Amino acid sequence: MIRATLAGLRARKLRLVLSGSAVVIGVMFVSAAFVLTGTLGRAFDALYTGVGEDFDVRVTARQLPGVGDEAATRPVPDALVARTAAVAGVATATGVVSEDGARLIGHDGKTVPAPLGRARLGNSWTGEHGPIRLRAGHGPASPGEIAISAALADAAGVRVGDRVGVLTQRPKRVFTIVGIIGYTGGRDSLGGTHEIAFHPSEAADLMLSRSDVHSAIDIRVDAGVRPDELRGRLSIALGDDYLIETGYEVRAAQAAAAKEDLALVNQILLGVGGMTLFAGVFLVLNTFSILIAQRTRELALLRALGARRRQVVGSVLLEAALTGAIASVLGLGLGVGVGALLAGLADSIGAGGLDLILTVPPAAVVTSLVVGVLVTLLAALAPALRASRVPPMAALREAATPDRSLLRLTVAGAVVAAAGAAVIIVGFAGGTEDPSLAAVLGGVLVSFVGFALLTPAVARPATRLLGRPFARSVPGRLGRLNAGRNPRRTAATASALMVGIALVTGVNVVLTSATASFDEQAGDYFRTDLIITGVASTERPPTFDPAVLGRARELSGVAGVSGQYTDVVQIGDRRVGVAAWDDDAALLTSVKVDRVAGSLGPLGPGEVVVDVATATAQGATVGSALTVTFSSGQRRTLTVIGTYTSDFSSGWVLPRASIADMASRQPTFGMVRLAPGASKRDVRAGIDALLTDSPEITVTDRTGFVGILTGVFRTVMLFLQILLGLILVIAILGIINTLAMSIMERTREFGLVRVAGLDRGQTIHMITVEAVVISVFGTALGTAVGVGLGAAVVATLRSEGIQKLALPWPYLGAYLVLGAVIGVIAAILPALRAARVDVLRAIAYE
Amino acid sequence: MLAIPRKVYPARLSPAPTTGLLPRMTRDVAARAVGVWKVFGDGVAEVTALREVDVEFAAGGFTAVMGPSGSGKSTLMHCLAGLDTVTRGEIHLGATRVTGLGDRALTRLRRERVGFVFQQFNLLPVLTAEENIRLPLDIAGRRPDPEWFRTVVDTVGLGDRLRHRPAQLSGGQQQRVACARALIARPEVVFADEPTGNLDSRSGAEVLGFLRASVHDHGQTIVMVTHDPVAASYADRVVFLADGGVVDELAGPSADKVLDTMKRLDTEAAR
């Protein structure tokens, strides 16, 4: 039996290579994920050597739990430095500033981004210490001078002596570069971060908006004192408000944070691998089904000669296992290459200087082989069981393949699809903030399996319908009929395509609906004509000079301007984002909010309004007095004077007086109302001119604003289209495979039609129509399933503000065209092969 | 209308009427092989399938080509039909010199001037009987003459089965559909390769009777390859092949005469 299996495997090399290719690609991504993580993880460990060597113990303010601890760090007050220095065992205590958000403006007038969204640190210069080395020039000796890291100097194309604009918590200021900073080991950056060192006298004001605070206090211990020993003493002396870490812990935490970013890349790669393997299952299943259909007589002969059912199953599964193993090994090899390539790419996008040592973790090898073989075995299971049911008599009869009833399959498909959809909806029951990702993804996969099972039932009528445009010519008619002649085979081939298209379409429907809903709600909400806003390039929202608001008010044609300031505060035991407006009277005429209770202002000092849902969650009503702790540490008591509802906005609106308490006293957002008859274009140009020092901020209209809000959707879509591209490659391989195998079965028919007068071109035409009908069937099915799933998700998200179902028509149209193109591409090789069929051999009897 | 009995034709045991009595009989040559050689392979593996074959097939005649396995009868048919090329010599179909035509011209020739019936697997499984019959016309982009279509369909006796697919038809019915398809385009010559090889004797008789009727009633030219003396007896003329050459010929054959000739040729070959 084993010998027969191996002989069969050798004889069917090409088909198995084609079906195995899906496994190869899927395994490639899985192993690439492991190799990338292993290689970069090792390099990162090396990268952070030196971090935390310039101090033994570091004191920072303990961040409050809750949302957005990244949006505004709590600083430590200057007075704490003296208190810390007084603790026994402390040799020196130095207040240091080191915050994200120092953005250097490059030659193109835009801020220079750090690679992979890494921090752009603004630090206080405390001389060469730890890993920091001056590579050129000197450290900033007076305010207005800066030293920048070599990686930043490189990215911005600036040198010592250049004068550059820098955005901080303060509006743009021009500084002179007096030094270039490098790091031990000849590195240009630490983990890709950019660094600007300011003079200590102004660093705190620039990065923390006030001069009497620090980001942290760095401590050197007295000789003979162990850092972890001092930590205990410090925490007693300073109390629970402060976090005390040793240098070793800081280094470990930073390396871990970098690896966390890596984990995301890892998950994406694993996800892509999973999807391609999922699509590949259909391909493998189809290949084995066809192989078994073609070998019915052979299998029956084996049974007639006394082979047991189990031996037949074993023979097919052995073939699958070998195919899977070979494909997995190939995939693993490719994955190691891709992983190394991606690691190199990450290094070159990043600061460079990563010490890359290609690392293939044992988990990569084990997972790749196990996943590849298991997926192939799983896909071959159903065909193997079918093979075992071939009766010995089939060896003696004509190899007839009667149409088996699709009823059971269809019922099973409907049940599975419905179950999958239910799981998706359950997954979203927790809301968009915290959807159960496992439930959503699991539900999508389960429903895909269900739809795949339903596909054979519609394959014949659907291919008839889709093939109608081709039915005018004989080759077209034959191609159309051939596409529907084996519903299971057609369905399995189309399913690989369906999965990819459905996934992308489903997400697209949700995002398009969200965009349309935002658009509608924004249109309803904003009564203003122009909006001043920024695209966040770091975790801190970009800000602009408050003076811009004043100057905008003076422009002719402007009726009113209100600027928004934001902060993260603690109210009760919650950490929440809040907003304050410099002109809350103008605000009420600029946006549409519905009053529920009390008054919506104007707000006096000490008064606050909030939306009903937030108020309920907080247990607050009109008249409640709340203690608000700002991130600057300032504490105020505010009274709720009114509650509101709005489709578009929610949360706390603080009085104008609170702006002074906020960490950043620069606005993040502005709304401009025009005077009647004023030219929108002129005013926009006028405000644009005011914003030249704030390259991250733009002035736009409502549509542009929605575009900015939904910009992240486009990134998601782009990524999904790339994923789709990969699945399409697999789908094309699947169609080629199915066609090639069908053509082998139908050699005689090609001979017949050629004898009856069909020329080569018409034969190619016939095969192409068959391929196009199958692939368009797959894409049509995919768009239908995707739209259905997307609509179901949109329906469950109604309460989250997505109230409108909108379909991405251009995409849907493009996918159908894409389906046709894929069909043509997939048909090329099989069609040429069919056209080359030797007529005489084709009509010869066996 | 035709007065041909449906479905059942008695097996012919008596000699056919002499060719001179047939209606619309012309002495034009429908197909001709002139000094044809066909050699397969080369060197040690060289096999000569046809050697110096000269043979003519009269228009409006039903000719059977007989011979033992390996005598070259199928090869001769393939060469005559333009399915295969000759090594030396020439093939003519009507006034056309087939030898030397390119693939495109050959395809056209098959489409417009030749019909085929094979031993088995004659039909496309995705098409109904009617669609199978019309296939050559559809490929050529011609509309069937409704009257001729009805005539052919009535003759093969498939009127009630036209909407069936091949899988729903018996072997004999399938072969009758194949015959109808070969005739529908009114080709100059129908080549039939062992058309009854896969059928029981009753179904075979039906098919052969139908082929003969198409010759006698409609002046169709048929060249049929067979190794069955009974099948050959339906023809007007039998050409005997052995070792790649024409060795004998018989006009107005009966099954017995064919059998006798075959036995004689066998003994001659043995000597």
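Bear in mind that the values here come from a model prediction, so they are computed numbers and not experimental data. Side chains are part of it too, since the values below use all heavy atoms of this structure and drop only hydrogens, waters and symmetry mates. Note on naming: letters A, B, ... go to the chains in the order of the sequence lines (proteins, then strands), and numbering restarts at 1 for each one.
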Minimal heavy-atom distance between A:Val753 and B:Leu124, with the atoms involved, is CG1-CD1, 3.5 Å
Residues passing the ring pair (Phe, Tyr, Trp, His ring centres under 6.0 Å) test with B:Phe116, sequence neighbours excluded, are B:Phe118
When the 4.5 angstrom heavy-atom criterion is applied to B:Arg181 and chain A, the contacting part is side chain
Cut-off 4.5 Å, heavy atoms of chain A, and the answer for B:Arg113 is neither
Close side-chain approach of A:Arg746 and B:Pro125, heavy atoms under 4.5 Å: no
How about [atom1] on [X], more than 12 heavy atoms from neighbouring residues, nucleotides or ligands closer than 6.0 Å, or not?
X	atom1	answer
B:Arg165	CZ	yes
B:Asp243	CG	no
B:His227	NE2	no

Residues pairing under ring-ring contact (aromatic ring centres under 6.0 Å, His included) where one sits in residues 282-301 of chain A, two or more places apart or in two chains, turn out to be A:Phe278-A:Phe282
Separation between CZ (A:Arg754) and OG1 (B:Thr107), nearest 0.5 Å, reads 5.0 Å
Check your understanding: Under 4.0 Å between a Lys/Arg side-chain N and an Asp/Glu carboxylate O for A:Asp759 and B:Arg111?
Key -> yes
Salt bridge (Lys or Arg N to Asp or Glu O under 4.0 Å) pairs touching residues 62-85 of chain B, sequence neighbours excluded, are B:Lys38-B:Asp84
Under a 4.5 Å heavy-atom criterion, the part of residues 476-484 of chain A in contact with chain B comprises A:Arg477, A:Leu478, A:Leu481, A:Asn482
